[in-house]
There are 2 protein chains.
Amino acid sequence: MSDLLQRLRDRGWRLTAQRRVVAEVLDGEHVHYTADEVHARATEKLPEISRATVYNTLGELVSIGEVIEVSTDGRAKRYDPNAHHSHQHLVCSRCGVIRDVRPSGDPLALLPERERYGFTLDEATVTYRGLCPSCASA
Amino acid sequence: MSDLLQRLRDRGWRLTAQRRVVAEVLDGEHVHYTADEVHARATEKLPEISRATVYNTLGELVSIGEVIEVSTDGRAKRYDPNAHHSHQHLVCSRCGVIRDVRPSGDPLALLPERERYGFTLDEATVTYRGLCPSCASA
DNA sequence: ATCCTACATTGGACATTGTCTAAGTCAAGA
DNA sequence: TCTTGACTTAGACAATGTCCAATGTAGGAT
């Protein structure tokens, strides 16, 4: 059993076939599926799983901090299981491929006091955009 | 006539009443309306303007670089007319208010070479999140 | 000033993404 | 094994965005 499933059990989650399948689909590096993509892949393993369950499960995983919601293009949200290592995203402007990246400093530190307008800052999310090697050479 | 309308005319745009009204709605500082909000405000001045025209005009303004598309919450996109001064966004996690802010350095510089995966970088967009003064004190 | 016509607008159908509900199902503790 | 409350399901509904054929009009041409 994956660490994720163990953590879910520790939180009192009922481990249904549907939740197992969603967790399996989200296992891996540089995974950034939309809800529909998760549903499509989940359906391959469990044909009767419903869209609503996929949305529910993704929402729950996000709310407990196991998965991060990413919206790089204003279209469908994407779900990133790499929640336990702080990171940002690098996106190809042409093909849309996404890589997790780690900036060398804290992006929050770049915002001077006079530009904070009295806000209590929490986090900064950065999206780097450019062309990936294959799009750049094409 | 505003500078924006003059620039549009210089590009060969037909200056219709609808385009004038959309341009007027987008005039100002810290303006970040959704398409529907633009439509609602435009309707006050020109009741017969259609949703399609608002979407068309916003899309055109974005494609010629006069307006920036911002999606801070994964819901509707917002349209920011402050396109001629590079800036980032500061968002209240509770009430959603958005301010334009200017970081002190170039966020692109924070991404080390080994984290660029061969991409040709273009830009970095940063969203700072926290609580605004009134939400923090409530 | 009037006419022409290519470009712009309109209303509504359609597409995509996400949310909600009522009824049925099942995991896991007793 | 039984029971029960949590979970899942199908499908309706909501929010946002796109597309198209019919109609209208800005601005150059006359």
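Proteins come first, then strands; the chains are lettered A, B, ... in the order of their sequence lines, and each starts at number 1. For clarity, every value in this text was computed on a predicted model and none was experimentally measured.
B:Ser86 OG to B:Asp106 CG: the interatomic distance, rounded to the nearest 0.5 Å, is 8.0 Å.
A:Arg99 and B:Glu115 are not joined by a salt bridge, as no carboxylate oxygen comes within less than 4.0 angstrom of a charged side-chain nitrogen.
Side-chain atoms of B:His89 do not come within 3.5 Å of backbone N or O of B:Ile98 as any donor-acceptor pair.
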Decide yes or no on side chain to side chain contact (heavy atoms under 4.5 Å, CB included) for B:His87 and B:Asp80, but give the supporting numbers first.
-> CA-CA 11 Å; B:His87 66 279; B:Asp80 179 346; 2.7 Å; yes
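Among the candidates B:Leu46, B:Val54, B:Thr53, the single residue satisfying the side chain to side chain contact (heavy atoms under 4.5 Å, CB included) test with B:Val21 is B:Leu46.
A single hydrophobic cluster is seen to contain both A:Leu26 and A:Leu15, as judged by linkage of ILVMFWY side chains at heavy-atom distances under 4.5 Å, directly or through other members.
Using a 4.0 Å cutoff to heavy atoms of chain A, the contacted part of DNA chain C runs 5' to 3' from C:dT16 to C:dA28.
Evaluation of the salt bridge (Lys or Arg N to Asp or Glu O under 4.0 Å) test over residues 37-58 of chain A, restricted to residues two or more places apart or in two chains, returns A:Glu24-A:Lys45, A:Glu37-A:Arg78.
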Per-nucleotide protein contact along nucleotides 16-29 of chain D, 5' to 3', at a 4.0 Å heavy-atom cut-off (B base, S sugar-phosphate only, - neither), is SBBB----BBBS--
